[in-house]
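Reading through the structure tokens given below for one structure.
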There are 2 protein chains.
Amino acid sequence: MEELDALLHQPLRTQLVAYLAAAGELTFSDLKRQLDVSDGNLDAHLKKLLAADYVAVRKESGKGRPQSFFVLTPTGLAALHAYVQQLQKLLPLGEASPAPDAGLITGLAG
Amino acid sequence: MEELDALLHQPLRTQLVAYLAAAGELTFSDLKRQLDVSDGNLDAHLKKLLAADYVAVRKESGKGRPQSFFVLTPTGLAALHAYVQQLQKLLPLGEASPAPDAGLITGLAG
DNA sequence: GTATTTAACTCTGATTTGCAGAGTTTATTG
DNA sequence: CAATAAACTCTGCAAATCAGAGTTAAATAC
């Protein structure tokens, strides 16, 4: 049985990676604002994603203050894709039933 | 902005709750086998879910060894439902686009 | 019917993760 | 050039995660 990617399956990192996937490229400050997180915390999570080669940095200096631009790497994008597949197998996401043998999580509305 | 439920957004607990939702009721040993996890670890996670009233126990003794049967409570089921909604907003799950302004995470296959 | 084994938990302590704020560096403003 | 502020980075503490030792109770052997 496959397990959920622990690197992605964490509140802050899931959002972070989702934002990067949507936006393509974001600065440290962009992420800090969007995630509403402390500097140190964001730094720690980015370091993990960098270490795993899920994201990459492009540092720009010269014009204006130095800034770091973060992007998803192909590795990170593939991991995200796999992660989403895992979630779909596990949970009743989207409209289709995830498994043929079970109609998971129904009868909620009542 | 709403955040992901930290109690549910954790590898073991997400799976645990998904299994409970699918099966309706599982014993400690069932969960241990399915999740392939140590006794202590499973106990700790169950305690958290019990403390949050996401799951409930029914303890049976008398016939055979004493066993604990775990179920999702209505609270837990509602939390799971809300959690899935959050994921759908954040990630491109299912077939439908999550947001009108972005076609998230495309161009993966190439 | 008592001793031994084994399933079903539960508790404890160690490791890892997550977090916030202090510290550092570099540009901009007066 | 001094002061301010943005953009990070580092350090240490608090909480979460985990594995295995310990406990209780039923089943099996004798």
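Chain A is the first sequence line, chain B the second, and so forth, proteins listed ahead of strands; every chain is numbered from 1.
- A donor atom on one side chain and an acceptor atom on the other are found under 3.5 Å apart for A:Thr27 and A:Asp30.
- Using a 30° and 60° split on the angle between ring planes, A:His9 and B:Tyr83 fall in the perpendicular class, above 60°.
- Following rounding to the nearest Å, A:Leu35 (CG) and C:dA20 (P) show an atom-to-atom distance of 12 Å.
- Contact annotation: the side chain of A:Phe70 approaches that of A:Val57 to within less than 4.5 Å [non-hydrogen atoms, C-beta and beyond].
- Without hydrogens or angle criteria, B:Arg13 side chain to B:Leu8 main chain gives no donor-acceptor distance under 3.5 Å.
- In this structure, the CG atom of A:Asp36 is 18 Å from the P atom of C:dG18, given to the nearest Å.
- Of the possible donor and acceptor atoms, none in the side chain of B:Asp43 sits under 3.5 Å from a partner among the backbone N and O of B:Gly40.
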Task: Annotated protein contacts, base or backbone, on nucleotides 17-30 of chain D with a non-hydrogen cut-off under 4.0 Å, one of B, S, - each - done: SBBB----BBS---
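- What separates CG of A:Leu8 from C1' of C:dT17 is a distance of 16 Å, to the nearest Å.
- Listed by chain and residue number, A:Asp53 satisfy the side chain to side chain donor-acceptor pair (under 3.5 Å) test with A:Thr75 (two or more places apart in sequence, or in another chain).
- Among the atoms of the strands shown, only primed sugar atoms or phosphate atoms (P, OP1, OP2) are found under 4.0 Å from some heavy atom of B:Ser68.
- Here the P atom of nucleotide C:dA8 and the CZ atom of B:Arg58 are 15 Å apart, to the nearest Å.
- The distance from atom CG of B:Leu42 to atom P of C:dC9 is 10 Å, rounded to the nearest whole Å.
- Atom CG of A:Leu91 is separated from atom CD of A:Gln86 by 11.0 Å, given to the nearest 0.5 angstrom.
- When the C1' atom of C:dT12 is taken as reference, atom NZ of B:Lys47 falls 11 Å away, rounded to whole Å.
- One finds a side-chain N or O of B:Lys59 lying less than 4.0 angstrom from the OP1 or OP2 phosphate oxygen of C:dT10.
- With rounding to whole Å, B:Asp43 atom CG is found 6 Å from C:dT10 atom P.
- In this structure, A:Lys32 reaches neither bases nor backbone, as no heavy-atom distance under 4.0 Å exists between it and the strands shown.
- For the pair B:Phe70 CZ and C:dT10 C1', the interatomic distance rounds to 11 Å; values are reported in whole Å.
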